[in-house]
Colleague: 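For reference, the structure I am asking about is given below.
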There are 2 protein chains.
Amino acid sequence: MRIAELSRRSGIPVPTIKYYLREGLLPPGELSSRNQASYDEGHIRRLRLVRALLEIGRLPIATIKSVLSELDTPEPNLHHAMGRALRGSIASEPGPEGDREVETLIERRGWSVSPEAPARRAVADVIAAMHQLGWDSMLAQIDGYAEIADRAARLDMEVLARHSEPDEIVYSAVVGTILGDALIAGLRRLAQENASAQMYRRDGEPTPAATRECR
Amino acid sequence: MRIAELSRRSGIPVPTIKYYLREGLLPPGELSSRNQASYDEGHIRRLRLVRALLEIGRLPIATIKSVLSELDTPEPNLHHAMGRALRGSIASEPGPEGDREVETLIERRGWSVSPEAPARRAVADVIAAMHQLGWDSMLAQIDGYAEIADRAARLDMEVLARHSEPDEIVYSAVVGTILGDALIAGLRRLAQENASAQMYRRDGEPTPAATRECR
DNA sequence: GATAGTAGACAGCATCACTATCCATAGTTT
DNA sequence: AAACTATGGATAGTGATGCTGTCTACTATC
């Protein structure tokens with residue numbers, strides 16, 4: 001198919017598609033002549049992926065490019081690519097603020113995580129920020145959140161196990177991880193609203209927390 | 001204290017502080033004369049909060065403003081404010097793509113969630129994107145993720161219950177929700193790395209998934 | 001052969017989050 | 001009191017990001 005049809009079927013304007021081609025987010029179509037290329041279903045799939053990572057995952061174009069290029073590699077190191085995607089590849093200098101706490105948490109849970117996993121930095125940054133904000137009560141429960149993360153990861157693996165073709169697994173890991181973040185965040189918001197509604201209803205006299213929370 | 005000291009103690013340049021004042025993210029200092037205002041500890045706290053929402057929560061300035069102004073309200077509707085924060089207040093038109101599925105999920109779990117909760121749209125959008133990408137295997141497990149979200153929300157409520165002063169509760173709900181998303185995402189990434197490492201180690205012959213996953 | 005579509009190059013644009021400059025004034029030092 | 005520095009407020013400029021528009025030399029199609 002030609003670019004007009006690709007645009008029509010994907011709902012993305014032609015200039016934008018050309019931009020993605022320039023940026024290397026979309027592989028070039030097969031040139032049949034100097035100004036004629038043909039695109040296929042793979043391009044449509046790729047465009048949808050790009051838009052999902054952009055709009056749902058909120059990743060910047062540059063990060064999407066690096067994630068996709070990792071995905072196109074024969075032996076992709078997905079953990080690293082997606083770890084970088086987590087914090088937009090902004091590396092704050094290694095201050096020992098939350099570093100030690102991440103370290104001990106990983107040890108406590110017996111997790112095996114490579115020392116240069118970008119997610120370590122990301123978690124350390126969040127911990128540091130929470131300390132700065134005097135929001136230590138959440139950090140006191142960090143093992144509880146780690147347990148939840150563990151359950152989520154096990155579910156992720158189960159989902160991943162349903163796929164057998166190697167190409168699909170890699171693709172799926174990306175989608176599952178990045179869109180999964182958005183899904184979990186959204187579900188948590190719904191569950192929070194429910195939880196605070198329950199709390200409000202339970203005791204006859206609403207606590208200050210409940211009144212504040214439940215509108 | 002004057003603006004120079006506020007800048008020094010918060011680590012944020014003076015022009016940036018002036019910008020936040022202009023944008024209404026930071027309440028003005030108390031004017032002692034036409035060109036002399038004094039700032040207090042509350043301003044430092046607020047600046048740290050703004051930076052955390054910006055850098056860790058990745059919220060745009062405009063969204064932070066709306067969240068903060070809700071936070072300054074005597075009767076804040078936090079669910080709504082934070083729901084909007086979840087998707088940057090971008091309201092995609094209500095396509096029935098994932099709407100129905102969110103509806104039935106909420107019903108299945110017996111959650112009580114207000115009909116106009118923005119998180120509904122956010123989750124519906126993610127579901128729609130996953131359908132588009134043909135990534136239905138994760139949606140097949142959506143109840144599992146909802147269960148995880150429920151546990152997270154219960155933990156959130158426990159953390160919140162440790163605070164008693166109303167001001168602190170509101171502040172905490174914001175920090176806990178928005179930074180909590182980042183924390184959970186980061187922990188999930190660590191747990192995923194561990195889970196795929198386990199999967200690799202368990203069976204002598206690595207599955208395609210494991211080799212792909214574990215580098 | 002007229003018309004419409006295309007690849008590729010390049011320039012322009014809107015938004016965002018600052019950053020820089022200026023000015024009249026105020027505090028501070030000498 | 002004079003010199004100097006800092007401040008609040010206003011306005012303009014900057015760099016990055018994610019497109020969008022225009023142009024040219026071509027090509028497919030009617």
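So you know, we letter chains A, B, ... as the sequences are listed, proteins then strands, and number each from 1.
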Colleague: Listed by chain and number, what are the side-chain hydrogen bond (donor to acceptor under 3.5 Å, both in side chains) partners of B/Ser38, not counting sequence neighbours?
Modeller: none
Colleague: Distance from B/Leu59 atom CG to B/Ser66 atom OG, nearest 0.5 Å?
Modeller: 9.0 Å
Colleague: Can you tell whether the side chains of A/Glu147 and A/Arg151 come within less than 4.0 Å, N to carboxylate O?
Modeller: yes
Colleague: Ignoring hydrogens and angles, write down the donor-acceptor pairs under 3.5 Å from the side chains of residues 40-48 of chain A, residues two or more places apart or on other chains.
Modeller:
{"unit_1": "A/Asp40", "atom_1": "OD1", "unit_2": "A/Gly42", "atom_2": "N", "d": "3.1"}
{"unit_1": "A/Asp40", "atom_1": "OD1", "unit_2": "A/His43", "atom_2": "N", "d": "3.2"}
{"unit_1": "A/Asp40", "atom_1": "OD1", "unit_2": "A/His43", "atom_2": "ND1", "d": "2.9"}
{"unit_1": "A/Glu41", "atom_1": "OE1", "unit_2": "A/Arg9", "atom_2": "NH2", "d": "3.2"}
{"unit_1": "A/Glu41", "atom_1": "OE2", "unit_2": "A/Arg9", "atom_2": "NH1", "d": "3.1"}
{"unit_1": "A/Glu41", "atom_1": "OE2", "unit_2": "A/Arg9", "atom_2": "NH2", "d": "3.3"}
{"unit_1": "A/His43", "atom_1": "ND1", "unit_2": "A/Asp40", "atom_2": "N", "d": "3.1"}
{"unit_1": "A/His43", "atom_1": "NE2", "unit_2": "A/Pro27", "atom_2": "O", "d": "2.9"}
{"unit_1": "A/Arg46", "atom_1": "NE", "unit_2": "A/Leu25", "atom_2": "O", "d": "3.2"}
{"unit_1": "A/Arg46", "atom_1": "NH1", "unit_2": "A/Asp72", "atom_2": "OD1", "d": "3.4"}
{"unit_1": "A/Arg46", "atom_1": "NH2", "unit_2": "A/Asp72", "atom_2": "OD2", "d": "2.8"}
{"unit_1": "A/Arg48", "atom_1": "NE", "unit_2": "B/Gln132", "atom_2": "O", "d": "3.3"}

Colleague: Salt-bridged, A/Asp99 to A/Arg120, with N to O below 4.0 Å?
Modeller: no
Colleague: So which one's nearest nucleotide on DNA chain C is more toward 5', B/Ile61 or B/Arg2?
Modeller: B/Ile61
Colleague: For side chain to side chain contact (heavy atoms under 4.5 Å, CB included), just list the numbers for A/Leu133 and B/Arg51, CA-CA rounded to whole Å, side-chain angles, deciding distance to a tenth of an Å, and then say yes or no.
Modeller: CA-CA 10 Å; A/Leu133 292 168; B/Arg51 296 304 289 192; over 6 Å; no
Colleague: With distance as the sole test, does A/Ser112 use its side chain to make a donor-acceptor pair with the main-chain N or O of B/Asn194 at under 3.5 Å?
Modeller: no
Colleague: Between A/Leu105 and B/Leu187, is a side chain to side chain contact (heavy atoms under 4.5 Å, CB included) present by the stated rule, with each step listed?
Modeller: CA-CA 10 Å; A/Leu105 173 69; B/Leu187 291 175; 3.6 Å; yes
Colleague: Nucleotide range of DNA chain C contacted by chain A, 5' to 3', under 4.0 Å to a heavy atom?
Modeller: C/dG5 to C/dC10
Colleague: Can you check whether A/Ile127 reaches A/His131 side chain to side chain, under 4.5 Å on heavy atoms?
Modeller: yes
Colleague: Starting at the 5' end of DNA chain D, which residue's closest nucleotide do you reach first, B/Glu5 or B/Arg22?
Modeller: B/Glu5
Colleague: Going by the side chain to side chain contact (heavy atoms under 4.5 Å, CB included) test, name the single residue among B/Leu179, B/Val175, B/Leu155, B/Asp156 that passes it with A/Met138.
Modeller: B/Asp156
Colleague: Walking along DNA chain D from 5' to 3', note the first and the last nucleotide with an atom under 4.0 Å from a heavy atom of chain A, and give both.
Modeller: D/dG18 to D/dA28
Colleague: Side chains of B/Asp150 and B/Tyr145: any donor to acceptor distance under 3.5 Å?
Modeller: no
Colleague: Look at the side chain of A/Ser7 and the backbone N and O of A/Ile12, then say whether any donor-acceptor pair between them is shorter than 3.5 Å.
Modeller: yes
Colleague: If you take any heavy atom closer than 4.0 Å to DNA chain C, which residues from residues 9-21 of chain B end up in contact?
Modeller: B/Pro13, B/Pro15, B/Thr16, B/Tyr19, B/Tyr20
Colleague: Using a 4.0 Å cut-off on heavy atoms, which residues in residues 35-54 of chain A reach DNA chain C? List them by number, or say none.
Modeller: A/Asn35, A/Gln36, A/Ala37, A/Tyr39
Colleague: Applying the side chain to side chain contact (heavy atoms under 4.5 Å, CB included) criterion to B/Ser10, which one of B/Ile17, B/Thr16, B/Val50 satisfies it?
Modeller: B/Ile17
